[in-house]
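No experiment lies behind these values; they were computed from the predicted model shown. Residue numbers start from 1 in every chain, and the chains themselves are labelled A, B, ... in the order their sequence lines are given, proteins ahead of strands. Atom set for the values below is all heavy atoms of this structure, side chains included, hydrogens, waters and symmetry mates excluded.
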Amino acid sequence: MRLELGNIFIKDMQFGEATKVENGVLYINKKELLEAVGGDNRIASIEVDIAKPGEETRIMPVKDVIEPRVKVEGPGGIFPGFISKVDVVGSGKTHVLKGAAVVTAGKIVGFQEGIIDMSGPGAEYTPFSKTNNLVLVCTPVDNLPQHEHEQAVRLIGLKAAAYIGEAGRNVKPDEVKVYETLPLFEGAKKYPDLPKVAYVYMLQTQGLLHDTYVYGVDAKRIVPTLIYPTEVMDGAIVSGNCVSACDKNPTYNHLNNPIIEDLYERHGKDYNFVGVIITNENVTLADKERSSNWTAKLAEYLGLDAVIISEEGFGNPDTDLMMNCKKITAKGIKTVLVTDEYAGRDGASQSLADADKAADAVVTAGNANEIIELPPMKKVIGDLKPADVIAGGFAGSLKPDGSIVAELQVITGATSEIGFNKLSATQF
Amino acid sequence: MINLTKNIQIITNNVRVCESFNENFNVIYVDGGYLDVLYAVRDRIHIGSILISHPLMGSIKPNETPFRSVVIEEKNGPVDYQSLAIIESSIESCKKLLKDRSTPDWTEKVLEDFRFLDIRLLESALGSLM
């Protein structure tokens, strides 16, 4: 399966007469956009705003971030199972509005959603301070159940990204990257001497507001399976996860998964990157045992020499991570884990809620308990009040001047467990 | 179908769970905090019960939500060491986070959100047994 990703660099985003890309500027017709995303009677109003890098703007509470993409050649369309039919995606050509993002915001439950600062110290912790963000603040009708609210906002975000992505359909990309994965036996024949490596991609699936979708299917209902890495780049995996802003994977991160991109970088040189095993993180131990048995079975079946395993979330998924690590290692396959830490404010406590001696190669994306101070911003898109109640905020965290003292876990994407961030840790 | 050969028990400090599940399940109400629920679960594991749901289910931290419901299979017999290891690690994680910051004094609206979320996570666990 071969995919050409055509990146169109977006330097600026403005509202305009027509939705189009011209000289690196993305113009958006607000009325057309609202027509494209509106019509859900569960949502009372949608406010649209733009936040640009360097501005003194705070966006909160943030639900999801989505990159606008459009499929220009090959089967299927972007976000299969939601926006497009369920044709297999991941081949042909896809255009990406690189530097633009859709951010959905609004309080869904009384806690958990995240913060994006476009400048200042908070901006250093989130990748979404570097993108031109189209922010949609969605207000539900009264008494809408939280799961319906989440679903409505999830769909609005995907529709907005698909609508804007269309603006890149006939634009010549500034850069084209090609990613290709051969069918298993062909790949093994082409690279007979290279070690076979795969990626075990753990998806958050614990239940309400902790969900991830694969081709529209709630991933808690799957057994682990195989997916071509390029399918992920076309939106086969969509986030419905509202919980734990710092280490959840927004849809943007799934589309740009750096583990997949980096594995491709040295594919065919140092190793043969054979593909991705997706698995889930359910709440019962029987589900965890079943799914980790399956990842280990698939890893063995593929004849792998090594895997990289990433998790999503805190606590309960640590057990899935360790089960995957232990069982895959027991098959004689080397494992490297990617996670973040809840090591207490001083960083001295046990980082994960589970451990195993097989987990001897671990990459950390930072300590989510670290305290940070975010200065006031001139403009707030959304609502500041949830600062006291989102994860990592605490009573009194919102000061009268609008500054916020909180744990790092309030920042969207700060400790991304697929490494879509800048933090890590080293030992001295 | 729920496996009727198993004696499913829900240990909880969430009154909404008692209201919703009391008819069909053996619900044990713990009048205490998150950590107290974990201690009650540990005590039962010590005499042979087995964990069915992970004690830290949901990514909401133990010092954020005051509510916790854990599903176990009630048994008397030898200790299940996997269950014991998981409950002990969960208690350690819970204590670590509570040491830095205790659970805030939430408004009733937020508390109701947490009760609701706890119920839905519990349903997700019970759904897996069907």
**Report entry** Non-neighbouring partners of Tyr342(A) that pass ring-ring contact (aromatic ring centres under 6.0 Å, His included), sequence neighbours left out
**Finding:** Phe314(A)

Proximal component of [X], with respect to chain B [non-hydrogen, under 4.5 Å]:
| X | value |
| --- | --- |
| Glu281(A) | neither |
| Met322(A) | neither |
| Asn369(A) | side chain |

Examine distances only and state if a side-chain atom of [X] and a backbone atom of [Y] form a donor-acceptor pair shorter than 3.5 Å.
| X | Y | answer |
| --- | --- | --- |
| Lys96(B) | Gln350(A) | yes |
| Asp100(B) | Arg345(A) | yes |
| Gln206(A) | Met57(B) | no |

Query raised in the report: Below 4.5 Å, heavy atoms only, C-beta onward: do Glu64(B) and Gln409(A) meet side chain to side chain?
Result: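 Sidechains of Gln409(A) and Glu64(B): in contact.
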
Query raised in the report: Do Val283(A) and Val71(B) come within less than 4.5 Å of each other through their side chains, counting heavy atoms only?
Result: no

Shortest non-hydrogen contact from [X] toward [Y]:
| X | Y | answer |
| --- | --- | --- |
| Ser59(B) | Ser244(A) | CB-CB, 4.1 Å |
| Leu117(B) | His210(A) | CD2-CE1, 4.2 Å |
| Leu56(B) | Ala353(A) | CD1-CB, 3.6 Å |

Query raised in the report: Do other residues, nucleotides or ligands put more than 12 heavy atoms under 6.0 Å from the CD atom of Glu23(B)?
Result: no

Query - Part of Leu121(B) lying under 4.5 Å from any heavy atom of chain A - result: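 Looking at Leu121(B), backbone and side chain both touch chain A.
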
Separation of [Y] [atom2] from [X] [atom1] (nearest 0.5 Å):
| X | Y | atom1 | atom2 | answer |
| --- | --- | --- | --- | --- |
| Asp287(A) | Ser53(B) | CG | OG | 11.0 Å |
| Glu407(A) | Asn63(B) | CD | CG | 6.5 Å |
| Asp354(A) | His54(B) | CG | NE2 | 6.0 Å |

Requested in this report: Report, by ascending residue number, the residues of residues 81-93 of chain B in heavy-atom contact with chain A at a distance under 4.5 Å; give 'none' if the set is empty.
Outcome: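 Only Gln82(B), Ile86(B), Ser89(B), Ser93(B) of residues 81-93 of chain B have a heavy atom under 4.5 Å from chain A.
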
